[in-house]
Amino acid sequence: MEDSAPPLDGLRVLDFSHAAAGPFATMFLADMGAEVIKVEKPGRGDGSRYMGEPLIGPVDSDYYLSMNRTKKSILIDLSATGGRDLARDLVARSDIVVQNFRPGVMERLGLGYDDLRRRRASLIYCSISAFGSSGPWRDRPANDIIMQAVSGLMGITGEVDGGPVRIGAPISDFATGLFALSGILAALHTRHEHPDGQHVEVAMLDASV
């Protein structure tokens with residue numbers, strides 16, 4: 001029906017993610033009708049605001065605007081006690097949390113899944129990382145280019161007798177975001193029968209491979 005509500009209408013997403021993979025996932029959640037509140041760092045905000053040439057105004061890039069369309073934005077200093085308290089208050093009124101800090105960062109801030117599920121038992125919490133939350137590379141940072149190389153995507157791209165070639169689009173970021181989206185939607189579906197929330201984990205390397 002033309003006047004029917006979008007599928008995720010009434011759901012609230014607290015989006016701590018930055019750059020591409022996380023915002024790509026929450027972009028689709030917003031497109032499906034969820035209220036997405038993007039948490040940004042005071043003073044600079046998401047670094048993707050400065051990727052490439054600004055499309056509108058002096059700062060915001062088309063990359064940032066496309067990934068974060070229809071989202072709301074709030075500045076919260078997570079290094080301050082008051083900022084962390086505000087984040088917890090928002091979680092108590094949210095359905096989904098998405099974050100892509102390195103493993104252990106949100107836990108040290110008291111904003112990990114085990115901490116926040118005490119505030120909201122039905123919370124769906126999605127963690128996105130480069131190499132997963134365990135293993136010898138868990139603390140290593142990465143971006144799309146690094147992940148294309150490590151996963152072998154570059155090795156199967158380009159001329160037959162040439163060297164590795166980067167895929168033009170940030171395919172590792174996009175694949176990771178789509179895997180995160182599918183995990184979140186599956187957890188939402190499960191919540192209809194089992195009201196407790198879930199922790200969805202997605203690693204860029206897994207998605208790229």
Side-chain angles (χ1 to χ4, degrees), residues 4-40 67-68 70-74 76 78 81-135 138-139 173-209:
S4 61
L8 300 185
D9 183 55
L11 294 178
R12 174 178 285 172
V13 181
L14 196 57
D15 183 8
F16 292 96
S17 68
H18 52 277
F24 191 61
T26 56
M27 177 190 78
F28 286 108
L29 295 175
D31 287 347
M32 295 178 196
E35 177 191 24
V36 178
I37 301 175
K38 183 176 178 65
V39 178
E40 300 192 57
M67 290 274 194
N68 296 284
T70 74
K71 300 176 187 177
K72 299 176 180 179
S73 187
I74 184 172
I76 300 180
L78 296 179
T81 300
R84 295 191 295 273
D85 288 342
L86 175 57
R88 293 186 191 100
D89 288 343
L90 287 170
V91 167
R93 292 173 284 174
S94 300
D95 299 279
I96 301 164
V97 164
V98 180
Q99 62 92 9
N100 64 347
F101 290 99
R102 294 190 206 179
V105 170
M106 291 293 271
E107 286 74 15
R108 288 195 296 273
L109 294 172
L111 298 171
Y113 174 62
D114 290 334
D115 299 302
L116 298 184
R117 68 185 299 190
R118 299 188 187 101
R119 293 275 180 145
R120 189 169 177 88
S122 61
L123 183 68
I124 294 168
Y125 188 104
C126 179
S127 297
I128 299 171
S129 63
F131 299 102
S133 61
S134 61
R138 71 183 297 271
D139 295 321
D173 279 328
F174 291 163
T176 303
L178 290 174
F179 274 109
L181 174 68
S182 64
I184 291 167
L185 294 177
L188 279 172
H189 178 73
T190 301
R191 200 169 70 171
H192 289 300
E193 297 294 332
H194 305 283
D196 287 343
Q198 295 189 55
H199 187 187
V200 177
E201 290 194 69
V202 182
M204 290 183 70
L205 181 59
D206 292 344
S208 301
V209 171

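Quick note: residue numbers are just sequence positions, from 1.
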Gap between atom CD1 of I96 and atom CG of L185 - 0.5 Å precision: 7.5 Å

Indicate every side-chain donor-acceptor pair of residues 201-209 with a distance under 3.5 Å to a residue at least two apart or in another chain.
residue	atom	partner	partner atom	Å
E201	OE1	S133	OG	2.7
S208	OG	S172	OG	2.9
S208	OG	M204	O	2.8

Close side-chain approach of T70 to V36, heavy-atom, < 4.5 Å: no

Residues in ring-ring contact (aromatic ring centres under 6.0 Å, His included) contact with F16, at least two apart in sequence or another chain: none

Least distance between heavy atoms, D139 atom then P103 atom: OD1-O, 4.0 Å

Non-neighbouring partners of D89 that pass side-chain contact (heavy atoms from CB on, under 4.5 Å), sequence neighbours left out: R93, R119

Contact list for residues 21-33, test side-chain hydrogen bond (donor to acceptor under 3.5 Å, both in side chains), sequence neighbours left out: D15-T26, T26-K71, D31-R69

Rounded distance (nearest 0.5 Å) linking atom CG of L11 with atom CG of D95: 4.5 Å

For T81, side chain to side chain donor-acceptor pair (under 3.5 Å) partners two or more places apart: R84

Which residues share a side-chain contact (heavy atoms from CB on, under 4.5 Å) with D9, sequence neighbours left out: A5, P6

S122: partners by side-chain contact (heavy atoms from CB on, under 4.5 Å), with sequence neighbours left out: R120, R191

Contact check, side chains of L178 and F24, non-hydrogen atoms, under 4.5 Å: yes

L188 side chain near L8 side chain, heavy-atom distance below 4.5 Å: yes

Student check: side-chain heavy atoms of I76 and L78 closer than 4.5 Å: yes

Inter-residue atom distance I74.CD1 - K38.NZ, 0.5 Å rounding: 13.0 Å

Closest approach of I184 to I124 (non-hydrogen atoms, all atoms of both residues): O-CD1, 4.3 Å

Nearest non-hydrogen partners of S73 and E40, listed with the distance: OG-OE2, 2.7 Å

With sequence neighbours excluded, residues passing side chain to side chain donor-acceptor pair (under 3.5 Å) with R102: none

Residue pairs, two or more places apart or on separate chains, that pass ring-ring contact (aromatic ring centres under 6.0 Å, His included) and touch residues 82-107: H18-F101

Residues that E35 engages under side chain to side chain donor-acceptor pair (under 3.5 Å), provided they are two or more places apart: R12, K72

For S129, all residues meeting side chain to side chain donor-acceptor pair (under 3.5 Å), sequence neighbours excluded: none

Atom of L123, atom of S94 and distance for their closest heavy-atom approach: CD1-O, 4.1 Å

Minimum heavy-atom distance A180-I128, with the two atoms named: CB-CD1, 3.9 Å

From L109 atom CG to Q99 atom CD, the distance as rounded to the nearest 0.5 Å: 9.5 Å

Distance, nearest 0.5 Å, that separates CG of D196 from CZ of R117: 6.5 Å

Closest contact, heavy atoms only, A25 versus L181: O-CD1, 4.0 Å

Worked check of side chain to side chain contact (heavy atoms under 4.5 Å, CB included) between V39 and L14: CA-CA 7 Å; V39 178; L14 196 57; 3.8 Å; yes

By ring-ring contact (aromatic ring centres under 6.0 Å, His included) - contacts of Y113 (at least two apart): Y125, H199

